[in-house]
Enquirer: 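Once you've had a glance at the structure underneath, I'll fire off some questions.
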Number of protein chains: 2
Amino acid sequence: MVSGDGPGAGGVDPQQLWLSSPRPRKGRKPAFSRAAITAAAVALADAEGIDAVTMRRVASQVGAGVMSLYSYAPDKETLLHLMVDHVSGELSPPAPPTGDWRADLKAIAHAQRALMLRHPWLPTALFNRRWSLGPNTLAFVEHALAALRPTALDGAAKLEVFSLITGFVARLVADEIAQAALAGSPERAAAEARYLAAVAADGHHPELAEALAAPVRPLTPDATFARLLDRMVDGLDTGP
Amino acid sequence: MVSGDGPGAGGVDPQQLWLSSPRPRKGRKPAFSRAAITAAAVALADAEGIDAVTMRRVASQVGAGVMSLYSYAPDKETLLHLMVDHVSGELSPPAPPTGDWRADLKAIAHAQRALMLRHPWLPTALFNRRWSLGPNTLAFVEHALAALRPTALDGAAKLEVFSLITGFVARLVADEIAQAALAGSPERAAAEARYLAAVAADGHHPELAEALAAPVRPLTPDATFARLLDRMVDGLDTGP
DNA sequence: CACTATTCTCGTACGCGGTACGAGATTAGG
DNA sequence: CCTAATCTCGTACCGCGTACGAGAATAGTG
C-alpha cells in the first residue's frame, strides 16, 4: 500500500487516508499517483456522470491495470472521498473574512454553487456519504469558521450553520441540474406536463391546480438561488 | 404489463406509472400486486438498508420469480419511486391547516422527520432521484400548499418553500442517522476523534481547534431539529 | 555483485447486480 | 376448442467491485 493500511473494520481510518506516510525505503516505485487517479476519476464523472466512474474505466483512463488502483485507494468508496476533496481544492484560497459574516457566508455559498455546477455529481456525492475531511475540505471549513467569528455562536453551532448552508446549496444545485436535464429532453418534459395537467384536472388537487395555473415566472436559476440564499442567511440568528 | 407500457425512451412516463389502466379483459390473472411488491421492498429497506433491496431479494420475499417483478415495475428505479410514494402514504391524512402557516409548516416538517426516522433510507432516496409525484406524495404536496395559502407567495414560490423544507428535513435526518451510526461503533468514532485531534494540533486550523475544544453540548437530536427548524421557518418571508 | 525483503503491477476469477429473451402457463372472447 | 392476450419465471449475458497470488521492480545487505 502506497500510504499504509489500517486494520479498522468497515470504513477507512481517516489518519491512514489523509496523513501521508513518509514513503517506504524499499520496494518497487509507484507507477501512478493518487492525484492522477483521482483527477482521472473526476474528469470521468464530469464528462459522463458519476455512474461512469467504475474501477475499470478509471484504470483504463490512467493506463493502469484495474487492480493497480487498489494500491492507491483501498476501495471505491475511498476513491469517491478522494474525488470530493480533490475538487474542493478549487475552492481555496477564498477571500479573507470581511467582518460582515452574512456577506461572507453568502460568498461561501456562491463559491460552493459554482463548484457544484462545474461538477454536477458533487451534490449527490456530498449527501450520500458521511464526510471525510480531507485537507482541502478542512481548509474550507476553517475559512467558514473564521467568517462566522463575529457571531455569538459557539463552535458546534458554527459547524451546524456551515453544514446547513452546504446542504442548502447542494439541494438547490441538484434541483437546478435536474431542471436543466428536463429542459434538455422535451419529450420527458412534455410527459411530465401532461401528467400534472391530468392531476390538476381531476378535481382532488385544487391547490396544486391553482399553483400550476399561475403564469411561469421567467426567473434565472441564479436569481432564484440568490433570493433563497438571502432569505436563509438573513434568517439565521446569532443567538446561542 | 399489468398497468400498460410506454414507448418513452429513458425514464418512465408518469401517466403510465401512476394512472391505473382499467385492467385488461384477456390474459392470465396477476399472481401478485404492485402494492405487495412495494411493501416487501420497503420492509427489506427498513430492516437491512437500501442496499438490501435487490430484485432477487424482493422477489424471494414475495414468493415470486425474479423476472415476475418486471410485470409490475419496468425497472428498479421505478420500484424505488413506488417505495417513496408508498411510505409517503403514512403522512396522510394530516391535520387541516390552522391558519397559522408557520406552525403548519413546522408540523409538516416534524411529520416528515418522523417518517424519515422510521425509514432511514428515505432521505437519500429523496435526494438522489428526481421526484416522481405519486398519489400519496401529491396529497401531501396539496396539504402543504393549503397550509401556505395565508402567505402572499405565488404558486411557484410555495412549491419552492415546500421543496426547501423537505430538503432541510432530509439533510438533518441524514446527519442524525449518521451520527447515531457513528455512536454505535466506538472504534470508528475514536478513529475520527483521533484524526480531528491531530488536525487541530497541527497549527494550521486554529478556528477548527477552537471549535472542537469547546465543551460538547448534550443536546438531543429532537431539540436540535426543533431549534433549527424554528430558525428556518421564522426566517422565511411572505413577500414575493 | 548476488541475495533477499519489500512494494507495486495486474491477469484471472468469483459472486452478485440488473435485466433481455423466450418458452410455457393461464385466462377470456369468438 | 381455438386463438389472442397476458402473466410467470428459468436461463443467460454483461458489467460491477474486489480477493488472490504470481511476477516484476527496487533498495539495502553481505
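Here the structure is a predicted model, which means the values were calculated and not measured. Below, chain A is the first sequence line, B the second, and so on; all start at residue 1.
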Enquirer: Only Watson-Crick and G-U wobble pairs with both distances less than 3.5 Å should count. Give DNA chain C in dot-bracket notation, marking inter-strand partners with |.
Expert: |||||||.|||||||||||||||.||||||
Enquirer: Nearest whole angstrom, please: distance from the C1' of dA27(D) to the CZ of Arg23(A).
Expert: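 So the two atoms are 10 Å apart, to the nearest Å.
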Enquirer: Using nucleotides 26-30 of chain C, report all nitrogen or oxygen pairs with the protein that are shorter than 3.5 Å.
Expert:
from	atom 1	to	atom 2	distance (Å)
dT26(C)	O2	Arg28(B)	N	3.4
dT27(C)	O2	Gly27(B)	N	3.4
dA28(C)	O4'	Arg25(B)	O	3.4
dA28(C)	O3'	Arg25(B)	O	3.2

Enquirer: Which of these passes side-chain contact (heavy atoms from CB on, under 4.5 Å) with Phe168(B): Arg113(B), Gln112(B), Met232(B)?
Expert: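 So the option named by the test is Met232(B).
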Enquirer: Return the value, rounded to whole Å, for the distance between atom CG of Leu69(A) and atom C1' of dA19(D).
Expert: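 That distance rounds to 15 Å.
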Enquirer: Considering the options His205(A), His204(A), Arg194(A), which one meets the side-chain contact (heavy atoms from CB on, under 4.5 Å) requirement together with Val199(A)?
Expert: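 By the side-chain contact (heavy atoms from CB on, under 4.5 Å) criterion, Val199(A) pairs with just one of His205(A), His204(A), Arg194(A): His205(A).
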Enquirer: Which donor-acceptor pairs under 3.5 Å do the side chains of residues 78-86 of chain B make with protein atoms, sequence neighbours left out?
Expert:
from	atom 1	to	atom 2	distance (Å)
Thr78(B)	OG1	Asp75(B)	OD1	2.7
Asp85(B)	OD1	Asn136(B)	N	3.2
Asp85(B)	OD1	Thr137(B)	N	2.8
Asp85(B)	OD1	Thr137(B)	OG1	2.7
Asp85(B)	OD2	Asn136(B)	N	3.3

Enquirer: For a quick test of reading the model, state the closest non-hydrogen atom pair linking Ala36(A) to Val62(A) and the distance between them.
Expert: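 Residues Ala36(A) and Val62(A), closest heavy atoms: O-CG1, 3.9 Å.
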Enquirer: With rounding to the nearest 0.5 angstrom, report the CG to NE2 distance, Leu105(B) to His110(B).
Expert: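 Answer for the CG-NE2 pair, Leu105(B) versus His110(B), is 11.5 Å.
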Enquirer: Nearest to the Tyr72(B) side chain among dT8(D), dT9(C), dT19(C), which nucleotide is it?
Expert: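 Of dT8(D), dT9(C), dT19(C), dT8(D) is nearest to the side chain of Tyr72(B).
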Enquirer: Over how many whole Å does the gap from Tyr70(A) atom OH to dC20(D) atom C1' extend?
Expert: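 Rounding to the nearest Å, OH of Tyr70(A) and C1' of dC20(D) are 13 Å apart.
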Enquirer: Mind checking side chain to side chain donor-acceptor pair (under 3.5 Å) for Thr224(B) and listing every partner two or more places apart, or none if nothing turns up?
Expert: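 Result, side chain to side chain donor-acceptor pair (under 3.5 Å) vs Thr224(B): none returned.
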Enquirer: Which nucleotide in the list dC10(C), dC8(C), dT6(D) gets nearest to the side chain of Pro24(B)?
Expert: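 Taking heavy atoms from C-beta onward, the closest nucleotide is dT6(D).
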Enquirer: Got a sec? Which of residues 55-64 of chain A come in under 4.0 Å of DNA chain D, heavy atoms?
Expert: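 Close to the strand are Met55(A), Arg56(A).
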Enquirer: Closest approach to the side chain of Pro30(A), judged atom by atom: which nucleotide of dA19(D), dC16(D), dC8(C) is it?
Expert: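 Nearest to the side chain of Pro30(A) among the choices is dC8(C).
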Enquirer: Between Met67(A) (CE) and dA13(C) (C1'), how many Å, whole number?
Expert: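 Going from Met67(A) (CE) to dA13(C) (C1'), I get 11 Å.
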Enquirer: How long is the straight-line distance from CZ of Arg57(A) back to CG of Leu44(A), given to the nearest 0.5 Å?
Expert: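 Those atoms lie 5.0 Å apart.
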Enquirer: For DNA chain D, what residues of residues 75-84 of chain A have any heavy atom nearer than 4.0 Å?
Expert: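 Listed by number, they are Asp75(A), Lys76(A).
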Enquirer: Just how far is it from atom CD1 of Ile108(B) to atom CG of Leu91(B), taken to the nearest 0.5 Å?
Expert: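 That separation rounds to 9.5 Å.
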Enquirer: Drop me the distance from Gln15(B)'s CD to Glu192(A)'s CD, to the nearest 0.5 angstrom.
Expert: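 Answer for the CD-CD pair, Gln15(B) versus Glu192(A), is 10.5 Å.
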Enquirer: About how many Å separate CZ of Phe162(A) and NE2 of His143(A), when rounded to the nearest 0.5 Å?
Expert: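 With rounding to 0.5 Å, NE2 (His143(A)) is 9.5 Å from CZ (Phe162(A)).
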Enquirer: To the nearest 0.5 Å, what is the distance between CG on Leu126(A) and CG on Leu115(A)?
Expert: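 It is 8.5 Å, given to the nearest 0.5 Å.
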Enquirer: Taking the nucleotide of DNA chain C with the closest heavy atom to each, which residue, Thr54(B) or Ala31(A), is nearer the 5' end?
Expert: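 Comparing both residues, the 5'-ward one is Ala31(A).
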Enquirer: Does a donor on one side chain and an acceptor on the other come within less than 3.5 Å for Ser163(A) and Arg171(B)?
Expert: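 Ser163(A) vs Arg171(B): donor-acceptor pair found between side chains.
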Enquirer: Expressed as a whole number of angstroms, how long is the span from Asp51(A):CG to dC14(D):P?
Expert: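 Rounding to the nearest Å, CG of Asp51(A) and P of dC14(D) are 21 Å apart.
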Enquirer: Among the nucleotides dC7(D), dC9(D), dC10(C), which one has an atom lying closest to any side-chain atom of Ser68(A)?
Expert: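 Closest of the options to the side chain of Ser68(A): dC10(C).
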Enquirer: Run the side-chain contact (heavy atoms from CB on, under 4.5 Å) check on Phe225(B) and Thr220(B) step by step: do they pass?
Expert: CA-CA 9 Å; Phe225(B) 179 82; Thr220(B) 68; over 6 Å; no
Enquirer: Testing the basics here: between Pro135(B) and Trp18(B), what is the closest heavy-atom pair and its distance to 0.1 Å?
Expert: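 That would be CD-CE3, 3.5 Å.
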